Amino acid sequence: MAEDTATTLSRFVRDGGPGRNRAALIAGIALTAAIAALLTESPGTSFFFWSPLFIFAVLAGYRYREKGIAAATVLGLAALGVISLRAYPDPTAPLFVALPPFVAMIALAALAATIGYSTRERACRREGLEAVPGGALLLGREDRMIKDANRTFTGVLGYAREDLQGMPVSRIWPYADDRERFFATTIPGGRSTAVETRFVGRDGASHWFALSGLCRNDGVISCQVSEITRYREAEEALNAEHRRLISILDTLPAYVTLQREDHTFRFTNRAFRETFGDPGGRTCYEVQQGSRRPCTPCHGALVFTLRSPQRWEWDHTNGETYEVHAYPFIDTDGSCLMLQLGFAITQRVQAEEALKGFAGNLQAKNQELEVLRSQLSVVNKDLDAMVRERTADVEKLLTQKDEFISQLGHDLKTPLTPLVALMPRILQREQDPELRRLLEITAHNVTYMKDLVEKTLKLARMNSLYIELDLEPLNLRAELNKVLRNYEIPFRARAITLENNVPAGVTVRADRVLLGEIFDNLIANAVKYMQNGTGTISIDAAREGGVVIVAVRDTGIGMTREQLERAFIEFYKADPSRHDLESPGLGLAICKRIIERHKGRIWAESAGEGEGSTILFSLEAIETP
């Protein structure tokens, strides 16, 4: 409401109010002047008389221009007539005094008419600018200055309307080529000029506009502008996509074409041009077949006729065979085209021919194979019987071997047992030093033979196919402590240190007896290679995934690379002399068989001679609650 009131008041001041109010105002002023003339003693020089006339002249001239000047003149002449009548019978003196105010009144009416015309002209021009759909701009052709612009244009660029008035157009239009070409072609009385260009906003961002200008006779160019930034960005994006598509088509190993119904080409990719040459305006049968007539039958014509995809193969004069896939395609202008994709399939065709020949040979071979299969079936029946017979024989031999080894061990252990028991007593009674030394050698060899027999029997038992393990969850640290108790007293006397570093919670699935035998053999093996018979043996364990890795380390003489590779071979001894009768060399071999029966693995590590050795083996880990 306040805005409407302000607008009405502004128009009333500018234009003299609404039509009926303006007429009443002017008539009232004229009436006031008449009353003042009647009441004034000396109207020729009276201020009260001429003031309403001056006001009437200004308002009438401002509002009605030429008609207002005429009305002011009529009213002035009427005033001069009143003055003459009041001064009768000698009106000369008052008329002479009244002429200057009369002339001044006419001059004021003319000045007000000029001002009113200029004001209304500017108002109309501004209203016209605002009424233009889109943006509008007035430019001086000679001085290249911005005369005016509407809010739509200034709002896009981020300026106020007053900021652009009187500004050099180069400030917002820095692209000199576009600007100079526009001004050069926009001349007074000429045709309108259109250009697509960019203007720069207050924030430095570029905006695309379609600019259409017409130069008036006064040298002012009326411009209509429409922002096309989104369209240009979309166009640039489409052009980029078009270039990308053409690049992709040019990198394809197959040829791609767009073909018109008259057999000429709308598009060909690089593979087509490199293979068949640039088609120019020639037809497909001229370019690809070197013929002046269409092919018979023409597969491409079916694509246009049936509006459905087609596939065919054709042979080129260069010996290549091509497979073509054709599809109906509608161009952007609505015309019908055919999209073709062609692949060189010469090698595939040759391979298919070779495959056909191979298939024939294969069929013949299959027939021969059927004959052989029938013959083999007869042989297999006889072979199965032979295998069953031989298997029975082998099982019988294995049983006899196990019985023989068991009996041999029993027969060997029987005479050795009393010898092992009696030799220490004989040594105690014998006083002759020479004979005592011979008896010690004999006792040592008897003990060695007994150990050899026992370990050979163990190794044979572990090699048996029918041995069964009594697997159960075992606490590794507890089982190791049971083994180490047997070594505490003898090792203490020999200054050998045993360290059980196995964590308390480690549990493995193993045979209790065989697990103890593993530790016995590894500890005995470590003691055998102690320097000066003293040192440290440490046992560690750690879980890795689903297994537990056990490490038995010693500070002995160490092992070479060759010894590490052969450590688990039966009867192998690491001592160079091979005369060590303390052990038969079966301890690590027995450990290897036991670990393998537990589905684990065993290996040796050493940093070299004098650096000690480590025997490592793995066992299945058990989750502890």
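Remember, it's a predicted structure, so these values are computed and weren't measured experimentally. The figures that follow rest on heavy atoms only: side chains count, while hydrogens, waters and symmetry mates do not.
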Original post:
In Å, rounded to the nearest 0.5 Å, how long is the span from OG1 of T257 to CD of Q288?
Top reply: 7.0 Å
Original post:
So Y327 and H325, would you call those rings parallel, tilted or perpendicular, with 30° and 60° as cut-offs?
Top reply: parallel
**OP:** Not counting sequence neighbours, which residues clear salt bridge (charged side-chain N to carboxylate O under 4.0 Å, His left out) with R260? List them please.
**Re:** none
Original post:
Would you say D148's side chain and L138's backbone share a donor-acceptor pair under 3.5 angstrom?
Top reply: no
Subject >> Under 3.5 Å side-chain donor-acceptor pair for Y231 and S226 >> reply: no
Subject >> Closest approach of S206 to R198 (non-hydrogen atoms, all atoms of both residues) >> reply: CB-CD, 4.2 Å
Original post:
Does S212 reach the side chain of T193, with side-chain heavy atoms less than 4.5 Å apart?
Top reply: no
Subject >> Side-chain donor/acceptor of S618 to backbone N/O of I549, under 3.5 Å >> reply: no
Original post:
Counting only N and O atoms by type, is there a donor-acceptor contact under 3.5 Å from the side chain of R266 to the main-chain atoms of L258?
Top reply: no
Subject >> Spatial distance of atom OG (S222) from atom NZ (K147) [nearest 0.5 Å] >> reply: 12.5 Å
Original post:
Does a donor on one side chain and an acceptor on the other come within less than 3.5 Å for T346 and E320?
Top reply: yes
Original post:
Any salt bridge between E241 and R244, counting N to O under 4.0 Å?
Top reply: yes
**OP:** Heavy atoms only: give me the nearest F267-N269 pair and the separation to one decimal.
**Re:** CE2-N, 3.8 Å
Original post:
Would you say D333's side chain and S335's backbone share a donor-acceptor pair under 3.5 angstrom?
Top reply: yes
Subject >> NZ/NE/NH1/NH2 to OD/OE distance under 4.0 Å, R144 and E180 >> reply: yes
Original post:
Hey, does L249 have a side-chain heavy atom less than 4.5 Å from the side chain of F272?
Top reply: no
Original post:
Can you tell me if W603 and E605 form a side-chain donor-acceptor pair at under 3.5 Å?
Top reply: yes
**OP:** Evaluate the side-chain contact (heavy atoms from CB on, under 4.5 Å) criterion for residues C298 and H263: first the C-alpha distance (whole Å), next the side-chain angles of each, then the deciding distance (0.1 Å), finally the verdict.
**Re:** CA-CA 10 Å; C298 181; H263 305 288; 3.7 Å; yes
**OP:** Write down the atom of C295, the atom of Q289, and the distance for their closest heavy-atom approach.
**Re:** SG-CG, 4.0 Å
Original post:
Under 3.5 Å, is there a donor-acceptor pair between the side chain of R141 and the main chain of T186?
Top reply: yes
Original post:
Atom CZ of F304 and atom CD of Q310: how far apart are they, to the nearest 0.5 Å?
Top reply: 11.5 Å
**OP:** Could you tell me whether the side chain of H207 reaches within less than 4.5 Å of the side chain of E227, counting heavy atoms only?
**Re:** yes
**OP:** Determine, stepwise, if the pair F183 / V169 fulfils side-chain contact (heavy atoms from CB on, under 4.5 Å).
**Re:** CA-CA 11 Å; F183 280 109; V169 72; 4.1 Å; yes
Original post:
Rounded to the nearest 0.5 Å, how far apart are CD1 of I228 and CD of E233?
Top reply: 11.0 Å
Subject >> M338 vs P328 side-chain heavy atoms within contact, under 4.5 Å >> reply: no
Subject >> Minimum side-chain heavy-atom gap V156-F199 below 4.5 Å >> reply: no
Original post:
Is the distance between the ring centroids of F276 and Y322 less than 6.0 Å?
Top reply: yes
**OP:** Spell out, as yes or no, whether a donor-acceptor pair under 3.5 Å connects the side chain of R151 to the backbone of F153.
**Re:** no
Original post:
How many angstroms lie between atom CG of L137 and atom CD1 of I146, to the nearest 0.5 angstrom?
Top reply: 6.0 Å
**OP:** Determine whether E196 and R232 make a side-chain contact, defined as any pair of heavy atoms from C-beta on separated by less than 4.5 Å.
**Re:** yes
Subject >> Where R181 and V195 come nearest, the two heavy atoms and their spacing >> reply: NH2-CG2, 3.9 Å
Subject >> Reference residue I172; test side-chain contact (heavy atoms from CB on, under 4.5 Å); the match among D163, T154, L164 >> reply: L164
Subject >> Considering all heavy atoms, the nearest I330-C336 contact >> reply: CD1-SG, 4.0 Å
Original post:
Can we say E313 and R311 salt-bridge, meaning some charged N sits less than 4.0 Å from an Asp/Glu carboxylate O?
Top reply: yes
Subject >> Side-chain heavy atoms of Q224 within contact of S192, under 4.5 Å >> reply: no
Original post:
Minimum heavy-atom separation for V548 to A541, with atom names?
Top reply: CG1-CB, 4.1 Å
Subject >> Note, V324 side chain near Y255 side chain (heavy atom, < 4.5 Å) >> reply: yes
Original post:
For atom CZ of R171, is the number of surrounding heavy atoms from other residues, nucleotides or ligands below 6.0 Å larger than 12?
Top reply: no
Original post:
Has R273 got more than 12 heavy atoms of other residues, nucleotides or ligands less than 6.0 Å from its CZ?
Top reply: yes
Subject >> Reported CG-to-CD distance for the pair L339 and Q259, which is rounded to 0.5 angstrom >> reply: 10.5 Å
